[in-house]
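In this text, all values refer to a predicted model and were calculated from it rather than measured experimentally. Just the heavy atoms: all of them, side chains too, but no hydrogens, waters or symmetry mates, feed the values below. Sequence positions, counted from 1, serve as the residue numbers for this chain.
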Amino acid sequence: MEKLPKIGLPILILIVLGIVFISKSTVTIGSGEAGVLYKTFGGGVVTDEAPLGEGFHLVAPWNKVIVYEVRQQSISDKMAVLSVNGLEIQVDGTVWFQPESNNLGKLHQEKGKDFVSRILAPAISAAAREVVGRYTPEQLYSSKRDIIQKEILEETQKGVQNQYIQVNKVLVRDVTLPPTIKEAIERKLKQEQEALEYKFRIEKAKKEAERQRIDAEGKAAANTILSASLTDKILKEKGIEATLELAKSTNSKVVIVGSGKEGMPLILGNQ
């Protein structure tokens, strides 16, 4: 009986060590994540193999797994940049990005987990300064928003090229100009709209006058053609046709042929 505790203690120790070993040897990668394997006795960060995917993994307890989020993420910032004529502009934007899964080991080895602040954020700022510096405040305020977004995206992608970061989209939410510049631009835009409206009214009036002129000329030409075609014979023929129709009327009583002007029939009624 005295020997049982002596035998049981080593077994208990082995069991405890086994549990610790197993707990240190398992890693669970969550949804939208991937793991970079670091081999303590095998060359450090593994860069020539795919990262550990979602799910349960067995890893030697002396190695480490650094977990990264590989789903699409976003970074938002408000930056002060200069326009082409040197005025300070506030640009409020958002960039969507994600690390390149296949190069996650290289990203960790060369840039580290804070790659957003080290690489991406400076690239976005540089791209914004480069693009905004091409335009005037008026262009930034009005018609160039979509073009600016596209160009900032392209410049940012250039800035993170070969940095193992994928930039998907850029959205410029707001462009804030100095108040005096904004008011001047709004006044100018209003005046341009009023000028366009005035021009439209003038063009409409001109078109209406032209339409009336063409209509009047058409009527005059029609009357000229009609007058030229009404000869004496045609008039007499029309008169005879009208006389025959009137003769059929119950109100006509006496028809004297050849007694009217130019030999036209003379019709006498009740009255």
Side-chain angles (χ1 to χ4, degrees), residues 27-38 45-47 49-57 64-84 87-179 181-182:
V27 176
T28 300
I29 306 297
S31 177
E33 297 177 337
V36 176
L37 181 61
Y38 179 89
V45 177
V46 176
T47 59
E49 297 178 9
L52 302 179
E54 299 176 5
F56 181 82
H57 300 272
K64 297 179 182 179
V65 175
I66 302 93
V67 179
Y68 277 79
E69 183 177 5
V70 292
R71 60 166 65 95
Q72 181 171 266
Q73 306 159 58
S74 66
I75 177 175
S76 300
D77 195 11
K78 181 176 286 187
M79 298 163 283
V81 292
L82 299 180
S83 65
V84 69
L87 291 174
E88 184 175 289
I89 311 295
Q90 294 286 337
V91 178
D92 187 3
T94 299
V95 176
W96 283 267
F97 70 95
Q98 59 195 104
E100 295 179 357
S101 297
N102 294 335
N103 292 313
L104 205 56
K106 295 179 180 178
L107 176 66
H108 180 72
Q109 186 181 58
E110 298 179 20
K111 316 302 175 186
K113 291 208 70 172
D114 54 348
F115 67 92
V116 173
S117 59
R118 283 187 174 184
I119 306 299
L120 183 59
I124 295 171
S125 298
R129 288 194 298 271
E130 172 67 24
V131 173
V132 173
R134 302 170 185 169
Y135 296 99
T136 65
E138 184 175 354
Q139 291 172 323
L140 296 170
Y141 184 74
S142 56
S143 60
K144 297 292 185 180
R145 187 72 59 87
D146 291 340
I147 298 175
I148 291 168
Q149 289 180 168
K150 182 175 179 293
E151 292 184 357
I152 291 178
L153 173 61
E154 292 173 351
E155 290 295 332
T156 304
Q157 288 172 337
K158 290 179 183 177
V160 299
Q161 191 173 12
N162 300 322
Q163 302 292 330
Y164 320 117
I165 305 169
Q166 177 181 317
V167 180
N168 300 326
K169 183 180 178 182
V170 170
L171 172 65
V172 176
R173 294 195 303 270
D174 189 28
V175 175
T176 305
L177 306 179
I181 301 300
K182 181 180 179 181

Derivation of the side-chain contact (heavy atoms from CB on, under 4.5 Å) call for Thr176 and Ile89: CA-CA 6 Å; Thr176 305; Ile89 311 295; over 6 Å; no
Can you measure from [atom1] ([X]) to [atom2] ([Y]) and round to the nearest 0.5 angstrom?
X: Leu171; Y: Ile152; atom1: CG; atom2: CD1; result: 10.0 Å
X: Tyr164; Y: Gln109; atom1: OH; atom2: CD; result: 8.5 Å
X: Ser31; Y: Glu69; atom1: OG; atom2: CD; result: 9.5 Å
X: Leu37; Y: Ile66; atom1: CG; atom2: CD1; result: 7.5 Å
X: Lys169; Y: Gln149; atom1: NZ; atom2: CD; result: 8.0 Å

Does the side chain of [Y] come within less than 4.5 Å of [X]'s, by heavy atoms?
X: Ile75; Y: Phe97; value: yes
X: Val65; Y: His57; value: no
X: Glu49; Y: Val46; value: yes
X: Ile148; Y: Asp146; value: no
X: Leu87; Y: Leu82; value: no
X: Val131; Y: Tyr135; value: yes
X: Met79; Y: Ile124; value: yes
X: Ser83; Y: Thr136; value: no

Would you name the heavy atoms of [X] and [Y] that are closest together and state the gap between them?
X: Val160; Y: Ala123; answer: CG1-CB, 3.8 Å
X: Thr156; Y: Ala127; answer: OG1-CB, 3.3 Å
X: Pro99; Y: Leu107; answer: CB-CD2, 3.6 Å
X: Ser101; Y: Val70; answer: OG-CB, 3.7 Å

In plain terms, say whether [X] and [Y] are close enough for a salt bridge, that is, a side-chain N and a carboxylate O under 4.0 Å apart.
X: Glu155; Y: Arg134; value: yes
X: Glu154; Y: Lys150; value: yes
X: Glu33; Y: Arg71; value: no

Residues in salt bridge (Lys or Arg N to Asp or Glu O under 4.0 Å) contact with Glu110, at least two apart in sequence or another chain: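 For Glu110, no residue satisfies salt bridge (Lys or Arg N to Asp or Glu O under 4.0 Å) once neighbours in sequence are set aside.
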With Glu100 via side chain to side chain donor-acceptor pair (under 3.5 Å) - residues at least two apart: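 Applying side chain to side chain donor-acceptor pair (under 3.5 Å) to Glu100 gives Asn103.
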Neighbour count above 12 (heavy atom, 6.0 Å) for Asn168 CG: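 Yes.
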From CA spacing to verdict: side-chain contact (heavy atoms from CB on, under 4.5 Å), Leu120, Val167: CA-CA 9 Å; Leu120 183 59; Val167 180; 4.0 Å; yes
Residue pair Ile119, Ile165: steps toward the side-chain contact (heavy atoms from CB on, under 4.5 Å) verdict: CA-CA 9 Å; Ile119 306 299; Ile165 305 169; 3.8 Å; yes
Stepwise side-chain contact (heavy atoms from CB on, under 4.5 Å) check, Glu88 with Gln90: CA-CA 7 Å; Glu88 184 175 289; Gln90 294 286 337; 3.6 Å; yes
Residues in ring pair (Phe, Tyr, Trp, His ring centres under 6.0 Å) contact with Phe115, at least two apart in sequence or another chain: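 Phe115 satisfies ring pair (Phe, Tyr, Trp, His ring centres under 6.0 Å) with no other residue.
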Distance-only side-chain donor-acceptor flag, Lys111 / Gln163, under 3.5 Å: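 Short answer, yes.
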Passing candidate, side-chain contact (heavy atoms from CB on, under 4.5 Å) with Trp96, options Gln166, Gln72, Gln73: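 Of all the options given, the one that passes is Gln72.
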Tyr68 side chain vs Leu104 backbone, donor-acceptor pair below 3.5 Å: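 Pair absent, no side-chain N/O of Tyr68 close to backbone of Leu104.
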